[in-house]
2 protein chains.
Amino acid sequence: MIIVERHEKILALLEKRQQASVSELSALLLVSPATIRRDLADLENLGQVTRVHGGAVLSEQYASQMHEQTINEKQSLHQEEKRVIAQQAALQVRGGETIYLDAGTTTACLIPLLAQVVPKVTVVTNSVNHAAKLADLSVAVMVIGGSVKLATNAVIGSNAVQQIQQLQFDRSFLGINGVTAEAGLTTPDMEEAAMKRAVMAQSRKNYVLADASKIGAVNFVKVNDVNEAVLVTNQTDQSELEAIRKQTQVIISEA
Amino acid sequence: MIIVERHEKILALLEKRQQASVSELSALLLVSPATIRRDLADLENLGQVTRVHGGAVLSEQYASQMHEQTINEKQSLHQEEKRVIAQQAALQVRGGETIYLDAGTTTACLIPLLAQVVPKVTVVTNSVNHAAKLADLSVAVMVIGGSVKLATNAVIGSNAVQQIQQLQFDRSFLGINGVTAEAGLTTPDMEEAAMKRAVMAQSRKNYVLADASKIGAVNFVKVNDVNEAVLVTNQTDQSELEAIRKQTQVIISEA
DNA sequence: ATTTTTTTGTTTGATTATGATTATATGTGA
DNA sequence: TCACATATAATCATAATCAAACAAAAAAAT
């Protein structure tokens, strides 16, 4: 892990929680307390955090900056990208089917489309956010039980995998962090990978939703080979995509 | 937990409650009374609280600042009613405990209080809405899995009851539709009643949150006798309440 | 491949925070 | 008022945290 990456993670946590202790950060980022202190000293020199005994708090000015940024990020261009991908995915679903909807922002875009377009669909999901939205839109929904991962609001873990293995889906719609013809479908989290893998095994047909930034990216853990799922993306002009197309069906959204 | 974090929690509690005792804060935040006194001395030097014998109250100027914020948060009158009930309930929770939070709008009011005031609490819930909100506020949360009832966004059913039976809670906080000394705790839905009953069996202490309109009301299905739970309400002047008080503890919120 | 630079973890002593103890002060009820 | 219980302040020992210096490891440059 590179320094700037660690700094970003520290700021991200601070942004979410206002304050963080050295020991907490040390355990979370798998580095020594001394390194965390150096990081915090650096960030303090940049005016981004204020150090206190035991840890650090977000500096006043940075806190206000962040607030504006996150508001802007909510309406980012990425969002439009994800919406058109979700549209293509929604067209695959037939009325009356039972589908699995993975946690994530891309799959979230599928929710209003499913509610409006597909009659009598039943949705199983590991995201408490998705479950709440779907229920609000009167879509039959089942949630996987277990501990909720705070970063993504998704339920993961061995218990969740066991529940998945007792279910059968007509289709699954999964988010992914990296797709290449060689490395396959990859994510940074082992637990999440295990979850996705379990879902794919129980589903008649799988769809991976990935915007252009994911194509050609490789992450830590492999979920599955590319040919195990249909790729839904908005990428149009890249050699990597051609290599993937030799292994599996690719649905490209035009926008 | 770092000092500033504790200071914030003390202020958050005072903001909700106007005053707090040293022993109360000590138990809640899992530190010695001596540390709480030092904290209060610090906060007094900063002009944020005024110390009194046994504890502290919000300082005048800080209280007026806060007042403007609470005006913004003000919603419907019923909501205000539920909020003060939730305040009393939140004060029952000690740091580090595992609690069950029932689905419902009254219990929803507990969520921000838990997040702000109680450190290291773990919340188990059958509401996907609650789970999402809690996770957003960085509270450790576990969700019961199963079909989501569309009307309430709550997970119910025999499978959910089975999951509950494998867990143990320090405290449970339940919504209810009717409370009388004779008919006990009642709701209109059999599945929900079974769920609440299962939770009460697994919890060391149970709290039923019921606003004035629920006192004296009788619904279709009985969940339990009144004496199985502490009643938290805002009702003050009714004979029914006196009859209930003979059977169980009643916490009345003053507002 | 070797040197240089950067980054990291460890050690040390100093600083700070915490909890226990004790003596004093405050509030409460007879 | 007096006794009694509880709260507080002050003190101390212990534990946690910190900063600085150093050594080891990793990365970059030669």
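Protein chains get the first letters and strands the later ones, always in sequence-line order, with residue 1 at the start of each.
A:Ala229 is linked by a side-chain contact (heavy atoms from CB on, under 4.5 Å) to A:Leu185, A:Met200, A:Asn206, A:Val208, counting only residues two or more places apart in sequence or in another chain. With sequence neighbours excluded, the residues forming a side-chain contact (heavy atoms from CB on, under 4.5 Å) with A:Ala181 are A:Glu240, A:Ala243, A:Ile244, A:Gln247, listed by chain and number. Residues that satisfy the side-chain contact (heavy atoms from CB on, under 4.5 Å) test with B:Arg6, not counting sequence neighbours, are B:Met1, B:Ile3, B:Leu29, B:Val31, B:Thr35, B:Asp39.
At whole-Å resolution of the value, CD in A:Glu5 and C1' in D:dA27 are 16 Å apart. Whole-Å rounding puts the B:Ile3 CD1 to D:dC18 C1' distance at 13 Å. Atom pair B:Leu40:CG and D:dA7:C1' shows a separation of 13 Å (rounding to whole Å applied). Rounded to whole angstrom, the span from the CD atom of B:Glu24 across to the P atom of D:dA7 amounts to 12 Å. In this structure, CZ of A:Arg6 is placed 9 Å from P of C:dT7, rounded to the nearest angstrom. Straight-line distance from the CD1 atom of B:Ile2 to the P atom of C:dA17: 12 Å, rounded to whole Å. Taking atom NE2 of B:His53 as the reference point, atom C1' of D:dA7 lies 4 Å away to the nearest angstrom. One atom, CG of A:Asp39, and another, C1' of C:dT6, lie 14 Å apart when rounded to the nearest Å.
Other residues, nucleotides and ligands contribute at most 12 non-hydrogen atoms within 6.0 Å of the NZ atom of A:Lys9.
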Report all side-chain donor-acceptor pairs from residues 106-122 of chain B shorter than 3.5 Å, counting only partners two or more places apart or in another chain.
from: B:Thr107; atom 1: OG1; to: B:Asp102; atom 2: O; distance (Å): 2.7
from: B:Thr107; atom 1: OG1; to: B:Gly104; atom 2: O; distance (Å): 3.0

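Phosphate proximity of C:dT18 to B:Thr35: absent, as no side-chain N or O sits under 4.0 Å from OP1 or OP2.
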All N/O contacts under 3.5 Å from nucleotides 19-21 of chain D to the protein, with atom names and distances to one decimal?
from: D:dA19; atom 1: OP1; to: A:Arg51; atom 2: NH2; distance (Å): 3.2
from: D:dA19; atom 1: OP2; to: A:Arg51; atom 2: NH1; distance (Å): 3.3
from: D:dA19; atom 1: OP2; to: A:Arg51; atom 2: NH2; distance (Å): 2.9

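Screening residues 181-190 of chain A for side chain to side chain donor-acceptor pair (under 3.5 Å), with sequence neighbours left out, gives A:Lys149-A:Asp189.
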